[in-house]
There are 2 protein chains.
Amino acid sequence: MSGTRSLADRLFLTLRSEIVEGHIAAGSKVSEPELARRFDASRSSLREALMRLESLGLLERRVNVGARVVDLTERGLLDLYDVREALEGMACRLAAQNRSEEDLVELRQMLNRHEQQEELQKGTAYFQPEGDFDFHFRIVQASNNDLLIDTLCNKLYYRVRMYRYQLGMASPRAHRAFREHSHIIEAIEAGDGELAEILMRRHIRASRSNIEKKLSKTN
Amino acid sequence: MSGTRSLADRLFLTLRSEIVEGHIAAGSKVSEPELARRFDASRSSLREALMRLESLGLLERRVNVGARVVDLTERGLLDLYDVREALEGMACRLAAQNRSEEDLVELRQMLNRHEQQEELQKGTAYFQPEGDFDFHFRIVQASNNDLLIDTLCNKLYYRVRMYRYQLGMASPRAHRAFREHSHIIEAIEAGDGELAEILMRRHIRASRSNIEKKLSKTN
DNA sequence: CACCACTATATTGTCGACAGTTTTGTAGTG
DNA sequence: CACTACAAAACTGTCGACAATATAGTGGTG
């Protein structure tokens, strides 16, 4: 069969959620025997899961010492935004250049859904992280560059989620973000890759500045 | 002790070279028992090495089937260039913004070394892939963004190397590349992040176009 | 000869055990 | 009390074995 998942695979998925959502605390040590007992699995399977988590950048392993959950630092968060700015900017450009019919339809539908949600919960911080995620996720898919898709959707976004969950950086930029999303999709529809890239980069950089401001207040 | 390397670690490094250099053919199946015998190691250690190779994007593993070396496709190569354009462009921008004294000195020294080499082997395809690699590598280091550095230097560059070794895409753009490198470093020295990014992106895109042209002839 | 069913072989996934290393805890000394 | 030296415990790295799955090979049937 094809869709089979190995035990190590399931452990990986479970642990990924727990780390992203902070049930396993950032910076904490991860003990193989302890988790093995908890999930009633062998250390082998668990180790495989841990290694995959390491390759996601969610864990750090050191020889003969073991694994720790990465800790969340302001620097790490800002660095992440810079990488996203570069990659998602490119994704936007490529999406605009390809411009497959299905992608355009899907993007437009998504935007409409978000608009309705905005009408519904007007004023309140409508823009759930999930809605924002949806947007960025789909754009990347539309880039049609497998490496880019994999890097963002299967790797970096988990780190993004981890920061959002735990530092609670849900952007309060609500419907301003919505308008920005709207313009980006228009540029893609128009096949204007250059503009699409610029707008996406500006969009992400705005989020970054926003967070930078918050952080400087906290300290 | 700190610098200790595990067996799995050494296997990983060895296999990485063999795959990058094509001694283990692209697209070929990788058998755990076979390699375990060959290196006189247990399958556990070997499996760990394979998993790390997978996270580099050099191997693809499927449940209950095993691992295959990725195959090299034109599309994959071009995709890789688009991702590099985005990331290294950003690296350049950041390097120009940071502009630490040591980085500037190192970059300048490197450029001088390359210039001498160019004088030496004038006309001939001087620009060894290694020289080019040096350049891109150091720029990324100067970005001071750990995530960016890790993504490029510890992950993507091995794929780049693999394509270069096996498709032999050593750019024949020789001293033209050198001039471009030179201008990029000048922009970084001047602290002009925007220009530095533009130049780097153009530099990479030129390589990409060059390869695209070659490929269209071959087919 | 092509195609399908079935058996045999080989490979992967998972497990538990042992050895070497790190960490923890304890006692002793200045 | 602070600090070092040492002993005990815990953990990681590595190994070989078994069960489940996929692949290769064989024979049979149209």
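Below, read A as the first sequence line, B as the second, and so on, with proteins coming before strands; counting in each chain starts at 1.
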Using only atom types and a distance under 3.5 Å, with no angle test, would you say the side chain of Asn98(B) pairs donor to acceptor with the backbone of Ser143(B)?
yes

Parallel, tilted or perpendicular: ring planes of Tyr157(B) versus Phe133(B), cut at 30 and 60 degrees
perpendicular

Side chain of [X] (C-beta onward), nearest among [options]:
X        : options                   : value
Asn64(B) : dC15(C), dT12(D), dT21(D) : dT21(D)
Leu7(A)  : dT14(D), dC11(D), dT14(C) : dT14(C)
Glu32(B) : dG13(C), dT11(C), dT23(D) : dG13(C)
Arg47(B) : dG13(D), dT22(C), dT12(C) : dT12(C)
Ser6(A)  : dG13(C), dC15(D), dT11(C) : dG13(C)
Val65(B) : dC15(D), dA22(D), dT14(C) : dA22(D)

With a 3.5 Å cut-off and just heavy-atom distances, do the side chain of [X] and the base of [N] make a donor-acceptor pair?
X        : N       : value
Arg5(A)  : dG13(C) : no
Ser44(B) : dC15(D) : yes
Arg43(A) : dG13(D) : yes

CG of Asp9(B) versus P of dT12(D): gap in Å, rounded?
17 Å

Given atom CD of Glu48(A) and atom P of dG13(D), what is their separation to the nearest angstrom?
15 Å

Against Cys92(A), only a single residue in Leu87(A), Leu199(A), Ile139(A), Val140(A) fulfils side chain to side chain contact (heavy atoms under 4.5 Å, CB included); can you say which?
Ile139(A)

If each of Leu46(B) and Lys29(B) is mapped to the nucleotide of DNA chain D with the nearest heavy atom, which maps nearer the 5' terminus, i.e. the 5' end?
Leu46(B)

For a quick test of reading the model: is some side-chain N or O of Ser42(A) closer than 4.0 Å to OP1 or OP2 of dT14(C)?
no

Given dG13(C), is OP1 or OP2 found less than 4.0 Å from the side-chain N or O atoms of Arg61(B)?
yes

Look at Glu48(A) together with Arg61(B) and state whether they make a salt bridge at an N to O cut-off of under 4.0 Å.
yes

